[in-house]
Amino acid sequence: MENYIIEMLHITKEFPGIIANDDITLQLKKGEIHALLGENGAGKSTLMSVLFGLHQAEKGDIKKNGEVVRVNNPKDANNLGIGMVHQHFKLVEIFTVLENIVLGVEPSKVGFLQKKEAREKVIQLSKKYGLHVDPDAIVEKISVGMQQRVEILKMLYRENDILIFDEPTAVLTPQEIDELMDIMRGFAKEGKSILFITHKLNEIMSVADRCTVLRKGKCIGTVEIKDTTKEELSRMMVGRDVNFVVEKLKERVGDVVLQVNNVTVPSKVSKKDAVKDISFEVRAGEIVCLAGIEGNGQSELISAITGLEKMSKGKVALCGKDITKAPIRVRTKAGISHIPEDRHKHGLVLDYSLEDNMVLQRYWQPEFHRAGFIKRQAVRSYADGLIKQYDVRSSQGALTITREMSGGNQQKAIIAREIDKDHKLLIAVQPTRGLDVGAIEFIHKQLVATRDAGKAVLLMSLELDEVMEVSDRILVMYEGEIVGELNPKEITVQELGLYMSGAKRNMEKEKSYAE
Amino acid sequence: MQNNQVSPKFKDKITGITKSKAISTFTAALLAIALGLIFGFIVMIVAKPENSWYGFTTMLFGGFRRLGDVFYYATPILMTGLSVGFAFKMGLFNIGASGQYTMGLFFALYAGFMWELPTGIHWIVCILAGMVGGMIWGFIPGICKALFNVNEVITSIMFNYIGMYLVDMWVQDNATIYISSKTRTAYLPASAQIPSLGVTNSNVNFSIIIAITLAVILYIVLNKTTFGYELRATGFNKHASKYAGMNDKRNTILTMLIAGAFAGLGGAFAILAPSTIAGSSMTYEPINVIAANGFNGIAVALLGSSNPIGIIFSAIFISHIQRGGTIVSSLFGYKPEIIDVVIAVIIYFSAFAMLMNSNIARMVRKRRLAKEESGSVNSNRKQNRKGA
Amino acid sequence: MKKIVALILALTLAGMMLTGCGTKNTTFQIALITDKGNIDDKSFNQGSWEGVVAFCEENDIKDYQYIKPEDASDTGYLAAIDNAVTAGAKVIVTPGFLFEVPVYEAQTKYPDVKFILLDGAPHTADYAYETKSNVASIMYAEEQSGYLAGYAAVKDGYTKLGFMGGMAVPAVVAFGYGYLQGAEAAAAELGLADGSVAVTYHYTGDFAETDTNKATAKTMYQEGTQVIFACGGSVGKSVMSAASEANGKVIGVDVDQRYDSETVITSATKGLGASVKTVLESIYKTDSWDTYAGKTTYFNASNAGVGLPTVVIGDDKADAFGRFNSFDKAAYDAVYATLADGSVSLVRTLTVADPNGIATADELTTGLNLKKIAITTR
């Protein structure tokens, strides 16, 4: 009999209409790092919510040290020693690090906060585990990596010994990811048990002892990492073989399509400029990737190019035509296609049908209306064509309300629309965010196909794998400036990470390559 | 054999219809109304238990005895309902329908008294004048919103007051229009009155036909034209419409202009209604009160889900309940004020339940669809979470 | 949520069962149609309704009701009358001149129903007057009411009076003449010297609340006028706001206007409630409907048809004469008696040269035989 610290046995959790968890069993040994792998929506978060007391399962038991326990709310979970680092941090932004850590379990004497005691404990913990934080810093002013460390310290402060990490690496630089892996190993060595939720196979391979794979709410199996491979895991996760390598021919670079000269964009949140005097160009037949950690001005730069925001200085030209001050419609007509960063905010009118969304960028074209009256038939057949060509799946075809579609299919619809539209430049902003492996594969193929068709592609991505795999040229942005122009074939992920974190900047050497 | 082939097809069709959006919105509206009625009934029981059941049924069905009046009183709130609902489709909250209504009313009055035109043309001109009045009063908040990004709620509330005081002032200053000894306007010339539909004891007139026609046209504009496509897109998602290069400013101004026109027409229809008494007419009293019909338009629009066709029905329904209510207050010994409360409870509970309901209906539909969508467990779970 | 729904359903069902066996219809024989305002408007609606209530309570009549029109228009009022008749009303009270046209229509339409039209006479939209035998048109002896107000003001020590009428229509003229005669009488009783009471007499030319009217009132106050009898609908509002700014006093009209402004010391009212009650009694008790039927009847002091307010609505203990300096109920009762017993008779109309009916100061002085009072017209 194995010694399991936490067991979730035959957990079934239904939401009206769907079964989010169907007879799932997950057993966590003391002192192990156990990965929970699955695509978006496979049921990982629901399962963890059940364990953390946010939801109650209809069927199944939770056992701690072999005894059945009830977890009705996060407080119960905490009493059982279960702690969780959420994907989106649950911190009070205007409080200090220390205040956040002690929040809810403040040591007090007759109502007075005993800060000194708490501070000592926090400092001691952070030294012990190498979790460097400044206890007096205000949370909103510290880096994402440090915020995560605060979350971890919160768990430790509460003396939890079962630690759940929900997609912890999504927001970190490669260096920070490595650090986090070390910290996790340290915890395991100490006898703490770790549940590590992710869909990134590399991380699992490097840190986990065992891995449980979920797919569509069902438990596919639990494997020992040392006995398995990345390919095997991905097959379990997706249900078929996945090609990780983006196959592409060597680029055939043509004329300059997008010319950006000395563009400066003011920031919306602070008085500083979000984009500082940036110049670059994108040529036909190449994929240029804007890399960088979130919030270093990439979004603002893209918005300036697409016309969503105004720039304060500089010029943007498309195929030699100045579009600096052009309205969005003019840019669209001039040949810019734009896969927006936030598909719900910008990319789709969620309450519109799929067909109406398919013509969002071209309903005004003569083929889709007669004297202002929309030609429904033309729209329908056009949408049907795209749906077929790009395999956009939905329950009612062209008439499905897009809000009811899955994220992957929503994104496919946008990509179909933007690629099919007559364009010279495709701007794709985080086109694979939040999508599963299958969808990512599809989108990468489309980007490469667009480039091979002789269009210019400007890709903005936060995913390092994507940056390295898809692009022909990388522009690294740090604090509103381009700090490096890199060739993905010549650099390592670690090196890229150094540029992204601002530790290294070398434009001149790399620039020679581009010329 | 053939039968076997036909029936599944037919079944598909039936299920297709029941699943369509219109049907579930309609169901939602019925549910909302049912809820409103229950609460209304409870108020009646509390107020006067012994008569409540007959009173309540009379309230529900009494309107059928006075169909002419049901349509007559439905006309202005149908117009203000369209005004509010149309702007709402674009994501604008036109709370200024009252001001536009009053402005339309004055313009119509002015044209009625001051311009001498042949019978048969005069009333049409008066209606158009009313429309222009409303348009002007919608246009200004529209401009403020589009060019200076001033919230339309604030401007249109202010314009309710400005419009009302201006009109009251203009009316009182005009000796032809105003009879100060009676503190109200004089009787409009017959040529300025909208032709009656000839229902005995009712003022119901041609304007209800115009109003319904306009609602249908509005429905077509919203759903069949590129302009409507842009408006609804903007209403659903401002950011996406900007992303798609739609001219937000132009559309905002146009929307407020049209919304104002509708409310203005409502005012014109109200004041130009014919009278069953020879030589008499509707009159306006400049007593510094903001027109209630403008605010009732909000309830009408809510209950009609801002859908022009829905608004036709909700306006008629509200008018129907009010007419029934009048009968109740005279026949069943309820104080008129209690009946006012009951009507308000029914209308507003229905309207608010409608708001809730359409969300619930959307969720139910989503879940049902979820089962059908292949490999859609994922997306649904996400949506459920969003819904919760 | 489910529980709440279930509870509501249960309640509703219970309610249906409790109420299902109730009466089917209530009819009523006396109905009052309210005008544009509410039943508690402290004005025509409320005044007349109190008469209906008082009569019905005294005579143990249970089936009376007021009806609120759906629409403040002639047809809206007529429809309300229709409703009342449908509900079985035999007597319908219509407070105010706004009902003149609707009652004209209704008197033909419902010959078996009796109408009591207060402060108005039935006519067509084109002002063709006709009062049928099922209508009692009730008017009020405004000159008596004005007399009481003028008397009270001078008795109370005011010597600089003002009058702001709307237009020179009969009711307003009568109020004004009565006011002057009352002031004269009080001055004579007090033994004041000739010409020692100054009255500024003014017709505004409208019945509206305007800045001009307010400015006029304010000027009058600044010139020394202590109290203005505001006699012209919404003119009163202008005068009241001028009074509160210039620290003057106001005498209200038609109904007790003390509730509109602190500046109102008293009001020359019409005895709405009393007149309604009297006419109802003629129908139900004394069988003398013919006294009022088919014509216009003026109510006066002898049948409580006019007066100054003697009670404060909603406050039994308050003194309705509390805003006077010294004039009190006893003094009021004394002067009222002289009107009621007919020992004082008043001039209601004068023949004047002006086509609009606006009398000059001389015409007033001679016509009303004024000695103590010096009149200035504006």
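Lettering of chains follows the sequences in order, A, B, ..., and the numbering in each one begins at 1.
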Using a 4.5 Å cut-off on heavy atoms from C-beta on, say whether the side chain of [Y] contacts that of [X].
X	Y	answer
C:K68	B:D340	yes
C:E70	B:R323	yes
B:K335	C:I39	no
B:Y187	C:V101	yes
B:R65	C:T86	no

[X], part contacting chain C, at a heavy-atom distance under 4.5 Å:
X	result
B:R66	side chain
B:Q322	backbone
B:A175	neither
B:S275	both
B:Y73	side chain

What part of [X] is in contact with chain B, defined as an atom under 4.5 angstrom from a non-hydrogen atom: side chain, backbone, both or neither?
X	value
C:K62	neither
C:Y104	neither
C:Y64	neither
C:A72	both

ask   = Just how far is it from atom OH of C:Y66 to atom CD of B:E337, taken to the nearest 0.5 Å?
value = 3.5 Å
request  = Give, for atom CG of C:D74 and atom OG1 of B:T283, the distance between the pair rounded to the nearest 0.5 Å.
outcome  =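 Separation between the atoms: 6.0 Å.
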Choice from C:A171, C:G205, C:A125 maximising heavy atom contacts with chain B below 4.5 Å = C:A125
ask   = When only pairs under 4.5 Å are counted, which of B:D168, B:I277, B:T276 shares the most heavy-atom pairs with chain C?
value =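 Max contact count across the listed options: B:I277.
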task = Say whether C:K109 and B:N201, considering side chains only, have a donor N or O and an acceptor N or O under 3.5 Å apart.
result = yes
query = Do you see a donor-acceptor pair shorter than 3.5 Å between the side chains of C:D71 and B:Y72?
reply =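 Result is yes, a qualifying pair exists.
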ask   = Just wondering, are more than 12 heavy atoms of other shown residues or ligands nearer than 6.0 Å to CG in C:D354?
value = yes
request  = Could you tell me whether B:Y161 atom OH has more than 12 heavy atoms of other residues or ligands within 6.0 Å of it?
outcome  =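 Not more than 12 within 6.0 Å, no.
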